[in-house]
Amino acid sequence: MGFLSKLFGNKNQAIIDSLLSGAKIIDVRTPQEFKQGNIDASINIPLDKLKTSIGKLKKMNTAYVVCCASGIRSAQAASILKSNGITEVINGGSWHKIDRLV
């Protein structure tokens, strides 16, 4: 394990561990982007619709890994979820990266 991994943790391993424990993947890209390619079993909830889905997501009572095209929208999504009481959230960044992990 490298110095930075020791300092900041291994995000890839955290994503894998979370998914193995049953976390759901939320892809916050637009429906058009999602149709062009996505992770099997991921849920498409565009970032601009995320706040209206908070109740449904809380009822699922699970952890989430959020992704998008580059990691910018997924960072915003993780912040929105956490500020609304969903604490088990990992910003997975680009969906391509997560797809290679699963």
Q. Counting distance only, does the side-chain N/O of Asn44 pair as donor-acceptor with the main-chain N or O of Asp27 below 3.5 Å?
A. yes

dist Leu19:CG -> Ile98:CD1 (nearest 0.5 Å) comes out at 7.0 Å

Any salt bridge linking Glu33 with Arg73? Criterion: basic side-chain nitrogen under 4.0 Å from a carboxylate oxygen. yes

Between Ile90 and Ile80, is there a shared hydrophobic cluster once you connect ILVMFWY residues whose side-chain heavy atoms come closer than 4.5 Å? no

Run Ile43 and Ile25 through side-chain contact (heavy atoms from CB on, under 4.5 Å) and show every step you take.
CA-CA 6 Å; Ile43 303 165; Ile25 300 171; over 6 Å; no

Spell out, as yes or no, whether a donor-acceptor pair under 3.5 Å connects the side chain of Lys97 to the backbone of Ser70. no

Check your understanding: Is Val89 linked to Val28 within one hydrophobic cluster, defined over Ile, Leu, Val, Met, Phe, Trp and Tyr using a side-chain heavy-atom separation of less than 4.5 Å?
Key -> yes

Does Ile72 have more than 12 heavy atoms from other residues, nucleotides or ligands lying within 6.0 Å of its CD1? no

Between Pro31 and Pro46 the two heavy atoms that sit nearest each other are CD-CG, 3.7 Å

dist Phe34:CZ -> Cys67:SG (nearest 0.5 Å) comes out at 8.0 Å

Less than 4.5 Å apart, any side-chain heavy atom of Lys24 and any of Val65?
-> no

When rounded to the nearest 0.5 Å, the distance separating OG of Ser79 from CG of Leu50 is 10.5 Å

The reported gap from NZ in Lys49 to CD1 in Ile54 (rounded to nearest 0.5 angstrom) is 14.5 Å

Notebook entry, point to check: Does the Ser21 side chain pair with the main chain of Asp17, one donor and one acceptor, at a distance under 3.5 Å?
Noted result: yes

Exercise for the section: Go through Thr87 and Lys82 one step at a time and tell me if the side-chain contact (heavy atoms from CB on, under 4.5 Å) criterion holds. Expected result: CA-CA 5 Å; Thr87 57; Lys82 288 177 182 178; 5.6 Å; no

Heavy-atom donor-acceptor pair, Asp99 side chain to Trp95 backbone, under 3.5 Å: no

Taking everything shown except Asp40 itself, do over 12 heavy atoms lie less than 6.0 Å from its CG? no

| If you draw a 6.0 Å radius around CD in Glu88, do more than 12 non-hydrogen atoms from other residues or ligands fall strictly inside? | no

Membership question, hydrophobic clusters at under 4.5 Å side-chain separation (ILVMFWY): are Leu47 and Ile26 in the same one? yes

Closest non-hydrogen contact found for Asn91 with Gly71 is ND2-O, 3.7 Å

Any donor-acceptor pair under 3.5 Å linking the side chain of Ser18 with the backbone of Tyr64? no

- Any chain of hydrophobic side-chain contacts (each under 4.5 Å) joining Ile45 to Val66? yes

